[in-house]
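Since the structure comes first, as structure tokens, the remarks are kept for the end.
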Number of protein chains: 2
Amino acid sequence: MHSMASIAPTSSLRVYDDLRESILAGQYLPGTRLRTAALAERLGTSRTPVREALVLLEGDGLVALEPRRGAVVRGFATEDLADLYEVRALLEPHAAARAATRMTPEARDRLAALCDLAEASTGLDRAAIADQIAWNEEFHATIIQAAGSARLSAALRGLAGIPRAFRTSFWLSPHQRAISLACHRELQVAIATGSPERAEATMRMHIVSARDYLIEVMREPRTA
Amino acid sequence: MHSMASIAPTSSLRVYDDLRESILAGQYLPGTRLRTAALAERLGTSRTPVREALVLLEGDGLVALEPRRGAVVRGFATEDLADLYEVRALLEPHAAARAATRMTPEARDRLAALCDLAEASTGLDRAAIADQIAWNEEFHATIIQAAGSARLSAALRGLAGIPRAFRTSFWLSPHQRAISLACHRELQVAIATGSPERAEATMRMHIVSARDYLIEVMREPRTA
DNA sequence: ACGTTCCACTTTGCGTGCAACTTCCGATCC
DNA sequence: GGATCGGAAGTTGCACGCAAAGTGGAACGT
């Protein structure tokens, strides 16, 4: 009999989760040097699990790890973001197509609920946008998981995580927000009705659209 | 002035390279438990860098690492291999298209040389097939690198490595061997002449064909 | 003033010890 | 007889120490 009580995760994983969350939240700005001793003290462990967590974060593309030089929070240049979205545009439509024929009813319900929540929330303040970003993350994660391909998930793991600051602009632009919500709803319906092509095409459009908007925004000198 | 002498790689990376090569060569069969103490002694280091190497290998999808349970060499079930090739079929054609407009002349020459070598070698013995597999790996790696997308490379890193035993059957089948060589030559020419669509279509066909053959072979009870 | 050299301080990477957990095998009980 | 329990052996994960490489700055020469 397996204990249902969540087994104590190793210290390395706790540090990993904490650091990942901090980086995504923008607490460590790109370029920041992550020194093991300071982090170990800050997180209440020794340097060993911190070091291991940094290796994991490098695998996620969140930090750059040079031998003997230490770890640095990676920056996300315009070109790099374009690259990232281009790869997402290759993978996620396929994930959506697979999800359309495999998603469990519970996940389908959750997808609909996420659409409802996002459409109902019209605020522009920090908290409302943080909600939108969280819902958006869960929406995409749900689809990827429903695709039921471990390799697909693995390939996307290094692409899902970028500091949320880069995504804020989507929800400040009324046009982009409307487009995103429409895409999500269309995706939800396509998956609910089991239409792989519709889901795939919508997801491709969704990501390519986001990519171009992001590139456009970042080309401007400074807006937010 | 920087020293050109290659800086001593950290012990962790040496262990990583060694283990990765051993697993790909089939020296550790799927299901083998990788115990840190034994590996450390075998490789002449302590358990710390071995542990770090195992984390890296997990990122490559070569070992499964469960907390408090240790590391196990991952198996490659038919279904998993189909998954893997499906994702490759999404990513590598795009890499080929990009490579067609970006590859350096030196890499182009190397591609042609690899085709020449592979076409000239007609043996069926172990050594000849090992050569074919090595040339094939370098061929694909050259194209992926020429694509010039760090994110694409990262997404493919977890997909490039499967034990070479799974690839042996390709080169034992005269038909598959002929198809593969033809695809590679076609890819080389498409890239040399700067035709992205041709490169992309050929690569897609190449990978999907390989996938289906692999599935077919593995469906049989036992051949090799 | 600018660049170079040297030296002290900082940080990384690795080795090792120890506690906690898993695993394995034999004894025990029904 | 088969399943269960218990303890010993083995393994993992973490903490800490040390040597080596890196980093920054002051002293120095041009």
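Convention: sequence-line order gives letters A, B, ...; per-chain numbering from 1.
Where the helix from dA1(C)-dT30(D) to dC30(C)-dG1(D) starts and where it ends, the local axes point in directions that differ by 20°; five pairs per end, rounded to 10°.
Side-chain atoms of E200(B) and H94(B) form no donor-acceptor pair, as typed in the model, at a separation below 3.5 Å.
Across all strands shown, L34(B) has heavy atoms under 4.0 Å from sugar-phosphate atoms exclusively, and none from any base.
Applying the salt bridge (charged side-chain N to carboxylate O under 4.0 Å, His left out) test to D80(A) and every residue at least two apart in sequence or in another chain returns R74(A), R151(B). Not counting sequence neighbours, the partners of T101(A) by the side chain to side chain contact (heavy atoms under 4.5 Å, CB included) test are P196(A).
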For residues 142-149 of chain B, run the donor-acceptor check on the side chains, cut-off 3.5 Å, and write out each pair with its distance to 0.1 Å, sequence neighbours left out.
unit_1  : atom_1 : unit_2  : atom_2 : d
T142(B) : OG1    : E138(B) : O      : 2.6
S149(B) : OG     : D83(A)  : OD2    : 2.7
S149(B) : OG     : L152(B) : N      : 3.1

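In this pair, F170(B) and Y85(B) present their aromatic rings tilted. The plane angle is within the 30 to 60° band.
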Next item on the list: Applying side-chain contact (heavy atoms from CB on, under 4.5 Å), run through W171(B) and L124(B) and close with a yes or a no.
Entry: CA-CA 8 Å; W171(B) 308 99; L124(B) 289 172; over 6 Å; no
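Checked by atom type and distance alone, the side chain of Q132(A) never pairs as donor or acceptor with a backbone atom of A127(A) at under 3.5 Å.
Note on R69(A): every side-chain N or O is 4.0 Å or more away from OP1 and OP2 of dG22(D).
One interatomic measurement links the two molecules: CD of E66(A) to P of dT12(C), which rounds to 13 Å at whole-angstrom precision. The distance from atom CZ of R35(A) to atom P of dG24(D) is 9 Å, rounded to the nearest whole Å. Between the CD atom of E58(A) and the P atom of dG13(C) there is a distance of 11 Å, rounded to whole Å. Atom CG in L56(B) sits about 12 Å away from atom P in dG13(C), given to the nearest Å.
Note on residues 48-60 of chain A: pairs passing salt bridge (charged side-chain N to carboxylate O under 4.0 Å, His left out), not counting sequence neighbours, are R20(A)-D60(A), R51(A)-E52(B), E52(A)-R51(B), D60(A)-R157(A).
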Heteroatom pairs (N/O) under 3.5 angstrom, protein to nucleotides 14-21 of chain C:
unit_1  : atom_1 : unit_2 : atom_2 : d
dC14(C) : OP1    : S11(B) : N      : 2.2
dC14(C) : OP1    : S12(B) : N      : 3.2
dC14(C) : OP2    : S12(B) : OG     : 2.8
dG15(C) : OP2    : S46(B) : N      : 2.6
dG15(C) : OP2    : S46(B) : OG     : 2.6
dG15(C) : O5'    : S46(B) : OG     : 3.4
dG15(C) : N7     : T48(B) : OG1    : 3.1
dT16(C) : O4     : T48(B) : OG1    : 3.1

